[in-house]
Amino acid sequence: MASRNNGISGGKGLIVSFGEMLIDFVPTVSGVSLAEAPGFLKAPGGAPANVAIAVTRLGGRSAFVGKLGDDEFGHMLAGILKENGVNCDGINFDQGARTALAFVTLRADGEREFMFYRNPSADMLLKPEELNLELIRSAKVFHYGSISLIVEPCRSAHLEAMQAAKDAGALLSYDPNLRLPLWPSPEEAREQIKSIWDKADIIKVSDVELEFLTGSDKIDDENAMTLWHPNLTLLLVTLGEHGCRYYTKHFHGQVEAFHVNTVDTTGAGDSFVGALLCNIVDDRSILEDEGKLRKVLKFANACGAITTTKKGAIPALPTEADVLSLIDGTK
């Protein structure tokens with residue numbers, strides 16, 4: 001984001017984030033199973049929604065496209081998006097289905113396990129004819145995950161929205177955000193996640209997703225490059241406390257992480273993606289200039305790191321001042 005210190009310029013092009021938003025129920029105590037948890041706090045979640053808020057928190061412009069239940073939780077989530085400055089013109093409400101819920105187990109190391117209540121939830125019922133295509137076509141960047149590919153009619157809505165954005169000249173950004181419990185089988189997950197692989201301009205996977213998608217436990221350049229496709233501009237592999245690796249047609253490398261006291265990793269990847277998209281939305285040349293890209297990825301790593309220092313994703317998403325203070329503090 002705009003900063004004297006690291007030469008990163010703030011973006012004002014619109015970033016449209018497509019997919020699910022839900023309520024995470026997070027235990028009040030870390031390191032216990034769901035059954036042992038004495039109580040739960042409700043936290044707004046859903047990777048695409050987290051990305052939309054990460055963008056506005058950093059001073060960018062974003063919109064969320066998806067479907068919520070016409071229930072108290074659904075209206076609460078829409079309210080949180082609005083409070084955070086996210087354009088909500090692409091949100092639909094379903095009168096027959098509830099907003100999705102997820103119970104999250106926080107392990108002692110801050111990693112998570114999930115149990116989902118979606119049978120079906122409103123986000124799965126978004127139809128192609130409900131899409132706000134005018135909003136989608138105004139996107140400079142269109143970002144999405146893979147959860148919206150699991151079932152119809154949402155899958156068709158996803159494919160149509162993605163095509164409309166691409167036809168209008170948007171950069172397509174894909175973070176598969178693997179949630180295996182939601183898929184009928186690991187094989188189906190792998191096949192469907194890869195089914196739209198060659199459409200994306202930017203793909204971000206975690207080290208765990210790299211292993212899953214390639215079927216190899218090697219987290220190295222050779223294995224990562226098996227995910228490369230000819231239309232891709234940037235492939236990113238996030239490595240948690242080891243930072244991230246980046247691959248383009250002309251260069252590749254690694255950017256180290258910032259070391260912080262990790263409490264909850266929820267939303268760290270979404271914060272990273274939001275920071276990246278915010279910085280490239282108005283300057284795609286960054287993707288072809290290794291020096292500039294490394295600065296942006298350092299900024300994105302700082303965003304991800306800060307997000308792990310508090311419980312819940314959205315409350316933990318940083319402002320630009322937070323990020324610059326971490327970067328300056330470690331010089």
Side-chain angles (χ1 to χ4, degrees), residues 14-28 39-58 60-104 114-136 138-139 142-145 147-148 150-158 160-161 177 179 182 264 266-267 270-271 274 307 310-317:
L14 182 66
I15 295 164
V16 173
S17 204
F18 175 91
E20 71 285 350
M21 189 176 194
L22 59 146
I23 309 272
D24 286 337
F25 283 91
V26 185
T28 50
F40 296 88
L41 294 170
K42 65 180 193 296
N50 292 343
V51 169
I53 295 175
V55 166
T56 59
R57 194 75 54 89
L58 291 169
R61 285 178 62 227
S62 71
F64 177 74
V65 174
K67 200 172 202 185
L68 299 166
D70 190 8
D71 51 35
E72 280 201 36
F73 283 151
H75 290 285
M76 180 192 103
L77 292 176
I80 287 166
L81 288 168
K82 284 180 187 139
E83 279 163 30
N84 282 280
V86 176
N87 178 317
C88 293
D89 294 345
I91 293 181
N92 289 269
F93 290 93
D94 195 290
Q95 294 182 338
R98 296 284 189 211
T99 301
L101 309 179
F103 284 83
V104 185
F114 297 88
M115 184 167 76
F116 292 94
Y117 283 71
R118 296 169 92 234
N119 54 337
S121 54
D123 59 288
M124 301 157 72
L125 301 177
L126 180 67
K127 302 185 187 93
E129 59 269 26
E130 293 172 322
L131 292 170
N132 182 338
L133 290 173
E134 188 184 351
L135 177 66
I136 290 164
S138 68
F142 184 73
H143 176 74
Y144 48 89
I147 289 173
S148 41
I150 298 174
V151 292
E152 292 291 2
C154 187
R155 178 182 166 79
S156 290
H158 179 139
E160 186 167 320
N177 201 44
R179 294 286 178 266
L182 293 179
D264 176 8
T266 307
D270 305 324
S271 181
T307 307
K310 289 186 201 165
K311 270 193 183 173
I314 290 168
L317 295 169

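Heads up: numbering here begins at 1 and tracks the sequence.
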Reported [atom1]-to-[atom2] distance for the pair [X] and [Y], which is rounded to 0.5 angstrom:
X: S156; Y: L126; atom1: OG; atom2: CG; result: 10.5 Å
X: C88; Y: L68; atom1: SG; atom2: CG; result: 8.5 Å
X: S121; Y: K67; atom1: OG; atom2: NZ; result: 11.0 Å
X: D123; Y: S148; atom1: CG; atom2: OG; result: 8.5 Å
X: L77; Y: L22; atom1: CG; atom2: CG; result: 7.5 Å

Give the minimum heavy-atom separation between [X] and [Y], together with the two atoms involved.
X: P44; Y: I80; result: CG-CD1, 3.6 Å
X: A54; Y: G274; result: CB-CA, 4.1 Å
X: T307; Y: T266; result: CG2-O, 3.7 Å
X: D89; Y: L135; result: C-CD2, 4.1 Å
X: L317; Y: G267; result: CD2-O, 4.3 Å
X: K311; Y: T28; result: NZ-O, 3.4 Å

Exercise for the section: Only pairs at least two apart or in different chains count here, so list each ring-ring contact (aromatic ring centres under 6.0 Å, His included) that has a residue in residues 67-103. Expected result: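 Checked against ring-ring contact (aromatic ring centres under 6.0 Å, His included) - neighbours excluded - the pairs reaching residues 67-103 are F25-F103, F40-F103, H75-F93, F103-Y117.
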Side chain to side chain, [X] and [Y], heavy atoms closer than 4.5 Å:
X: V16; Y: N87; value: no
X: E160; Y: I136; value: no
X: I150; Y: M124; value: no
X: L125; Y: N92; value: no
X: E20; Y: P48; value: yes
X: M21; Y: L81; value: yes
X: F116; Y: I147; value: no
X: V65; Y: N132; value: no

Handout entry: Residues in ring-ring contact (aromatic ring centres under 6.0 Å, His included) contact with Y144, at least two apart in sequence or another chain
Key =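 Scan of Y144 (ring-ring contact (aromatic ring centres under 6.0 Å, His included), adjacent residues dropped) gives F142, H158, Y174.
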Handout entry: Qualifying side chain to side chain donor-acceptor pair (under 3.5 Å) pairs with a residue from residues 41-58, counting only residues at least two apart or across chains
Key =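 As it turns out, the side chain to side chain donor-acceptor pair (under 3.5 Å) pairs with a partner in residues 41-58, which skip direct neighbours, are N50-D270, R57-N84.
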Problem - E72 side-chain N/O to M76 backbone N/O, donor-acceptor pair under 3.5 Å - result: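 Checked: no pair found.
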Problem - R98 atom CZ, neighbour heavy-atom count above 12 within 6.0 Å - result: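 For R98, atom CZ is not crowded (no more than 12 foreign heavy atoms under 6.0 Å).
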